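Right, one structure below, let's go through it.
Remember, predicted model here, so these are calculated numbers, not experimental data. Atoms within a ligand are numbered from 1 in the order they appear, just like the ligands themselves.
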Amino acid sequence: MEIAFRKADSLKNHPDQSSLGFGTIFTDYMFNMDYNPDQGWHNPRIEPYGPMEMDPSTIVLHYGQTIFEGLKAYRTESGAVQLFRPMDNIKRFNQSGDKLCIPPVDEEFVLHALVELLKVEKDWIPSAPGTSLYIRPTIVATDPYVGLRVSQTYRFFIILSPVGAYYPEGFNPVKIWVTSKYVRAVRGGLGEAKTAANYAASLYATEMAHKEGYTQVMWLDGVELKYVEEVGSMNIFFIIGDELITPMLNGSILAGVTRNSVMTLARSWGMKVTERKISIDEVYAANEKGELKEIFGSGTAAVISPVGHMKFDGTEITIGDGGVGPVSARLFKELMDIQYGKAGDPFGWTVPVA
Ligand SMILES: *Cc1c(COP(=O)(O)O)cnc(C)c1O
């Protein structure tokens, strides 16, 4: 499929790289493509970024039939641009789509479309330390119909947003609030899909956590409210003794690309890495015994987010000395070095763009 190009009448001013936040500034162009049952995915095009007109009855606005992805383009010291494991994101996009009854996209074509969009927008990829271009591929159901059924038509789009360093004041631990009242996903539900419903389900408890002075919620499983699943919209890791533990994928946990990269990297150092069920009681018992060394979240936005304090059932504990543990720090540095091309790429994770 040939990708059409429509030129913008005028281009935006680029933001100051030292004051970039997250997700508020978007580039000049976006990629769009449509789906209907007769033509399949068709009319791929790069055109000026702008609002989409939708009928108020559009299915996605009422029933949330939608999926998204999140990845980044990084500028290396030599000025080149690279992606980190983009095919893993695109494959997961189709896995999420399967759960939401959304027709699959051609994975190779989507990578090609993304690279073409990035070539057009490469001047938007910031170069200041820790900055990057956040990439948000999305599909929304577009049938105008106020009745519950699977849509026949869809819009696929990719938008780009230059983002600042996640830790502008240094690599900081967060305070997390464990809830045994609210859940984000249940067994047999949508937890393993990147879809709006899971984030809608997380808002209320996250507001509660903020009111209590905590940054993120730690989610327990939706069946027994006993086993740890995720933290905020990140995967979670524990170091107990000399073992790195992360909850095993069970259908209600998102299979993070960073999660997989963390496990691969830690195993390559000779660390013992285990995917298994881990209960909140086990975490607190390990803390009592002095064996709980580190806790951290993993995700594309922050890479590694160390946990300094956590509160469960009225008891707040400090993890280690409340600062950044050595494994968290090493993972953060080594992953960033691969993403920004400062180190070799022993696992073949990076894909050059331009
Ligand atoms: C996106 C996401 C993650 C992290 O996935 P990465 O591929 O590492 O960015 C973890 N949990 C949830 C719920 C997510 O939405």
Review point. What residues, two or more places apart in sequence or in another chain, satisfy side-chain hydrogen bond (donor to acceptor under 3.5 Å, both in side chains) together with R45?
Key: D34, E47
Review point. Do Y134 and F22 make the cut of ring centroids closer than 6.0 angstrom?
Key: yes
Practice item. Could you check whether the rings of F171 and F332 sit parallel, tilted or perpendicular, using 30° and 60° as the cut-offs? Key: parallel
Point to revise | Counterpart residues, side-chain hydrogen bond (donor to acceptor under 3.5 Å, both in side chains), relative to N250 (two or more places apart) | key: E229, S252
Practice item. Specify whether F296 and F237 have parallel, tilted or perpendicular ring planes, treating 30° as the upper limit for parallel and 60° as the lower limit for perpendicular. Key: parallel
Point to revise | Pairs involving residues 280-299, ordered by first then second residue, that meet salt bridge (Lys or Arg N to Asp or Glu O under 4.0 Å) (sequence neighbours left out) | key: R276-E282
Under 3.5 Å: N or O atoms of ligand 1 paired with protein N or O:
unit_1	atom_1	unit_2	atom_2	d
ligand 1	7 (O)	R92	NH1	2.8
ligand 1	7 (O)	R92	NH2	3.1
ligand 1	7 (O)	V257	N	2.8
ligand 1	8 (O)	V257	N	3.3
ligand 1	8 (O)	T258	N	2.9
ligand 1	8 (O)	T258	OG1	2.6
ligand 1	9 (O)	T300	N	2.9
ligand 1	9 (O)	T300	OG1	2.6
ligand 1	11 (N)	E230	OE1	2.4
ligand 1	11 (N)	S233	O	3.4
ligand 1	15 (O)	K194	NZ	2.8
ligand 1	15 (O)	Y199	OH	2.3

